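These notes concern the structure reproduced below.
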Amino acid sequence: GTLVVGMIHKRENMLMLIKGDATIYTEPSSFRIQAPKIMVSPPGVQRVAYGHTDCVFVSVLAVGEERDVAKIEQEFVTMERSPAAIEGDA
């Protein structure tokens, strides 16, 4: 198995499990999912995923015309847990 720690998303986003079987840990719960699965996550959520098998996850963000990955990450994700960072003020 593999353990993956995701970044904190500043905006609502979709997460798709395209392949595999994983347990997702969030505050305050955990749940096991199997592909195919589509979930909507609210802002401020950080997920930790444990892959019981090889997994393929896809996170869908509304980036518009932007293609610069660094700019997209700056706008959509953070590793800071402060409300200001999640609201995009940090």
Side-chain angles (χ1 to χ4, degrees):
T2 300
L3 189 67
V4 177
V5 178
M7 298 182 98
I8 300 167
H9 288 260
K10 297 178 182 180
R11 299 182 182 177
E12 183 177 83
N13 66 92
M14 286 194 337
L15 176 69
M16 297 184 288
L17 177 60
I18 305 299
K19 171 187 169 187
D21 177 10
T23 297
I24 306 295
Y25 300 91
T26 62
E27 292 180 34
S29 65
S30 66
F31 50 94
R32 192 165 179 168
I33 58 173
Q34 293 179 328
K37 181 72 173 178
I38 298 174
M39 302 173 289
V40 176
S41 294
V45 170
Q46 182 176 30
R47 294 178 290 262
V48 175
Y50 176 78
H52 301 282
T53 63
D54 288 346
C55 294
V56 175
F57 284 96
V58 175
S59 185
V60 180
L61 307 171
V63 299
E65 298 296 319
E66 186 59 67
R67 296 297 177 258
D68 184 311
V69 173
K71 289 179 182 178
I72 292 169
E73 286 181 342
Q74 183 179 14
E75 183 176 346
F76 287 92
V77 296
T78 183
M79 286 304 286
E80 296 180 36
R81 292 195 154 280
S82 71
I86 294 167
E87 293 168 5
D89 296 333

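Side chains included, hydrogens not; waters and symmetry mates left out as well; all remaining heavy atoms used. Everything numeric here is computed off the predicted structure, so don't read it as measured data.
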- request: Taking atom CD of Q74 as the centre, report whether more than 12 heavy atoms of other residues, nucleotides or ligands fall under 6.0 Å from it.
  value: no
message: Testing the basics here: between M16 and I38, what is the closest heavy-atom pair and its distance to 0.1 Å?
response: CG-CG1, 3.7 Å
message: On a heavy-atom basis, which atom in K10 and which in T78 lie closest, and how many Å separate them?
response: CE-CB, 3.9 Å
query: What's the spacing between N13 CG and S59 OG if we round to 0.5 Å?
result: 4.5 Å
query: Are V63 and V77 co-members of a hydrophobic cluster defined by side-chain heavy atoms under 4.5 Å apart?
result: yes
- request: Identify the two heavy atoms, one from A22 and one from C55, that lie closest to each other, and give their separation to 0.1 Å.
  value: CB-SG, 4.0 Å
message: Let me check something: do M14 and V58 share a hydrophobic cluster, defined by ILVMFWY side-chain heavy atoms less than 4.5 Å apart, either directly or through other members?
response: yes
- request: Using the side-chain contact (heavy atoms from CB on, under 4.5 Å) rule, take V40 and E12 through it: C-alpha gap first, then chi angles, then the decisive distance, then the call.
  value: CA-CA 7 Å; V40 176; E12 183 177 83; 3.6 Å; yes
From I24 atom CD1 to S30 atom OG, the distance as rounded to the nearest 0.5 Å: 10.0 Å
query: Side chains of V5 and Q46: does their closest heavy-atom pair fall under 4.5 Å?
result: yes
Heavy-atom pair of closest approach, residues M79 and G6: SD-O, 4.2 Å
task: Show your working on side-chain contact (heavy atoms from CB on, under 4.5 Å) between I8 and E80 and close with a plain yes or no.
output: CA-CA 7 Å; I8 300 167; E80 296 180 36; over 6 Å; no
query: Does the side-chain contact (heavy atoms from CB on, under 4.5 Å) test come out yes or no for R47 and V4, once each step is laid out?
result: CA-CA 8 Å; R47 294 178 290 262; V4 177; over 6 Å; no
- line: Taking every heavy atom of D21 against every heavy atom of T53, the minimum-distance pair comes out as N-OG1, 3.0 Å
query: Which pairs with one or both residues in residues 24-51 pass ring-ring contact (aromatic ring centres under 6.0 Å, His included), sequence neighbours excluded?
result: Y50-H52
- request: Report yes or no: do I33 and I18 belong to one cluster of Ile/Leu/Val/Met/Phe/Trp/Tyr joined by side chain heavy-atom distances under 4.5 Å?
  value: no
query: Should we count CG of D68 as having more than 12 external heavy atoms under 6.0 Å?
result: yes
- line: So CD of E73 and CG of L61: to nearest 0.5 Å the spacing works out to 10.0 Å
